[in-house]
2 protein chains.
Amino acid sequence: MSERTVGGGFVPDVALDRTSPVPLYFQVATRLQQLIEAGELPVGGKLENEIDLAERLGVSRPTMRRAIQYLVERGMLVRRRGVGTEIVHPKVRRPVELSSLYDDLAKTGQQPRTEIRSFEVGPAPDHIAEALGIPEGAEITWFERLRYAGGEPLAIMQNAVPVAVLAIDRDDLVSNGLYELLRAAGCVPRMANQVVGARTASAGEARVLGESRGAPLLTMTRTAWDAAGRGVEYGSHIYRADRYSFELTLTI
Amino acid sequence: MSERTVGGGFVPDVALDRTSPVPLYFQVATRLQQLIEAGELPVGGKLENEIDLAERLGVSRPTMRRAIQYLVERGMLVRRRGVGTEIVHPKVRRPVELSSLYDDLAKTGQQPRTEIRSFEVGPAPDHIAEALGIPEGAEITWFERLRYAGGEPLAIMQNAVPVAVLAIDRDDLVSNGLYELLRAAGCVPRMANQVVGARTASAGEARVLGESRGAPLLTMTRTAWDAAGRGVEYGSHIYRADRYSFELTLTI
DNA sequence: CAGTGGTCTAGACCACAGG
DNA sequence: CTGTGGTCTAGACCACTGG
């Protein structure tokens with residue numbers, strides 16, 4: 001039944017570079033993804049079976065399977081035993097990522113500006129030490145920032161970072177997001193627990209944020225760990241609800 | 001260097017059942033997970049290298065790798081090339097899941113109660129059809145529910161479910177969560193996009209929720225798709241912020 | 001340098017769906 | 001029954017880390 005390659009998704013020959021440091025399975029997956037996004041592989045159609053595909057692309061079946069599996073995990077393909085591999089609507093494919101407000105704003109073209117309202121190094125309060133899983137009284141850097149976007153105040157952000165993880169420089173915080181600093185120090189957050197809630201602004205908060213008392217605020221408390229399970233950041237943030245919301249895409 | 005099995009994590013012999021329909025890699029992964037959670041494999045210690053482990057457990061290296069990889073994805077192991085496999089603090093291991101308010105409440109022992117405030121079947125409004133990726137005017141079931149917990153109103157929930165996905169029975173909604181109904185119909189949400197924000201209650205909302213006007217509300221808009229990329233649910237919810245917050249654990 | 005994980009191959013058998 | 005994806009094996013070579 002070779003006519004399945006006519007009606008279904010026919011994968012054109014893919015140029016693979018075996019001298020490249022990029023793994024073969026990833027080259028294949030990337031190419032398939034491009035073909036799907038470009039519409040050359042019809043959404044709703046079926047992919048060729050993995051055996052034929054592997055042979056035609058000149059890779060082994062396990063390598064082909066790995067490439068396909070990669071796209072399954074990203075929600076672009078659905079596999080059913082005995083049936084085949086279906087190409088699925090590439091809806092929202094943005095992976096779940098830890099939101100960095102600074103990065104988000106920079107990406108959308110809004111000029112972020114940061115004002116440091118306090119900055120100190122000292123022993124961690126109990127609830128923060130517990131959240132981060134560090135000894136009570138371990139040294140942390142604690143700071144409060146006011147974040148502007150488009151000239152308007154947007155958020156008040158309080159954060160703690162263990163000194164053992166990264167000794168933060170106050171000036172760096174002005175021109176960089178916290179996550180950017182962590183990444184630059186080779187410390188990549190890999191897991192996080194976030195609690196998102198809402199409340200109304202106190203008089204003091206309202207004044208700082210340029211709102212009126214009783215204005216709605218989004219609150220977010222987050223603890224983040226790196227790949228080794230080390231607590232790297234604790235944050236307690238409040239956002240003007242009229243100017244900010246959290247968007248997240250979940251894949252189960 | 002066989003003393004590494006002494007100081008590090010020594011994996012005792014694992015009984016594998018090759019006649020079981022449960023895949024070998026999964027049997028191995030499950031056993032390793034039990035050993036870590038029971039403390040028999042020391043957190044912070046290193047696992048044996050995968051070659052020795054595979055040999056001693058009597059499985060091939062690819063199978064052993066797959067078992068290890070499974071636990072890496074769950075955040076229990078960390079691998080570094082040239083270094084080894086580290087056993088990591090099993091912090092929060094709850095996978096990211098779509099929050100079902102009904103399930104959440106039932107789990108925490110708060111008695112959920114549901115009041116249907118409206119229920120109708122008709123053509124989908126444009127913005128909902130677009131969100132779900134269904135044709136404009138396709139039939140949906142649209143309903144608004146008031147959710148109580150502990151006798152107090154907690155949330156107003158508006159939802160839409162395409163009739164093509166599931167013909168919802170009004171009475172079922174009273175005693176079951178929406179996600180429970182979807183699951184029971186063999187329609188499992190696999191991906192979702194959520195936007196979480198905040199605002200203050202209008203007079204009407206406040207009255208329904210037993211709050212005063214201007215009280216802070218958490219808002220959540222969600223679109224969910226099943227494994228095949230079919231839009232299965234659209235929801236627009238508001239929660240009393242003094243009684244509810246979203247908690248989520250992210251793994252990158 | 002030796003030891004580790006990362007990738008890749010070429011086969012094999014099985015479980016399941018559908019005609 | 002045929003075709004599909006799911007699992008498993010036994011090897012090979014490479015890239016990286018650390019002493």
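Chain naming here is simple, since letters A, B, ... match the order of the sequence lines and numbering starts at 1 in each.
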message: Could you tell me how far apart Y70(A) (OH) and dG6(C) (P) are, to the nearest whole angstrom?
response: 16 Å
message: Test of understanding: with ring-ring contact (aromatic ring centres under 6.0 Å, His included), list the residues that count as partners of F143(B), not counting sequence neighbours.
response: none
task: Would you please name every residue forming a side chain to side chain contact (heavy atoms under 4.5 Å, CB included) with A54(A), sequence neighbours left out?
output: V59(A), M64(A)
Partner residues of F26(B) under the ring-ring contact (aromatic ring centres under 6.0 Å, His included) criterion, sequence neighbours left out: Y70(B)
field: Short side-chain N/O contact to dG5(C) OP1/OP2 from T85(B), under 4.0 Å
entry: yes
message: Check the phosphate of dG3(D) against N49(A), side-chain N and O only, distance under 4.0 Å to OP1 or OP2. Yes or no?
response: no
query: Expressed in angstrom and rounded to an integer, what is the separation of E55(B) atom CD from dG11(D) atom P?
result: 11 Å
query: The side chain of S60(B) lies closest to which of these nucleotides: dT4(C), dT9(D), dA10(C)?
result: dT9(D)
- request: Report yes or no: do Q27(A) and D17(A) form a side-chain donor-acceptor pair below 3.5 Å?
  value: no
All side chain to side chain contact (heavy atoms under 4.5 Å, CB included) counterparts of Q34(B), not counting sequence neighbours: T30(B), R31(B)
Contacts of type side chain to side chain contact (heavy atoms under 4.5 Å, CB included), residue D126(A), not counting sequence neighbours: E136(A)
- line: I51(A) atom CD1 is separated from dG11(C) atom C1', nearest whole Å, by 11 Å
Find every protein N or O atom lying less than 3.5 Å from an N or O atom of nucleotides 12-19 of chain C, and list the pairs.
unit_1  : atom_1 : unit_2 : atom_2 : d
dA12(C) : N6     : R61(A) : NH1    : 3.0
dA15(C) : O4'    : R81(A) : NH1    : 3.2

R61(B): salt bridge (Lys or Arg N to Asp or Glu O under 4.0 Å) partners, not counting sequence neighbours: E50(B)
Euclidean distance, atom CD of residue E48(A) to atom P of dT4(D) [Å, nearest integer]: 10 Å
message: Nearest whole Å is fine: how far is dG5(C) P from Q69(B) CD?
response: 12 Å
- prompt: Are any of R66(A)'s side-chain N or O atoms less than 4.0 Å away from OP1 or OP2 of dT7(C)?
  reply: yes
statement: Expected list for residues 18-31 of chain B near DNA chain D, using heavy atoms below 4.0 Å, is R18(B), P23(B), L24(B), Y25(B)
field: T63(B) side chain near dT9(D) phosphate (N/O to OP1/OP2, under 4.0 Å)
entry: yes
task: May I have the distance from L16(A) (atom CG) to dT7(C) (atom P), rounded to whole angstrom?
output: 16 Å
query: Between R79(B) (CZ) and dT7(C) (P), how many Å, whole number?
result: 10 Å
query: Mind checking whether R145(A) and L178(A) have side chains closer than 4.5 Å, heavy atoms only?
result: yes
- prompt: Whole-Å distance between dC8(C) C1' and R65(B) CZ?
  reply: 11 Å
- request: State which residues pass ring-ring contact (aromatic ring centres under 6.0 Å, His included) with Y25(B); sequence neighbours excluded, sorted by chain then number.
  value: none
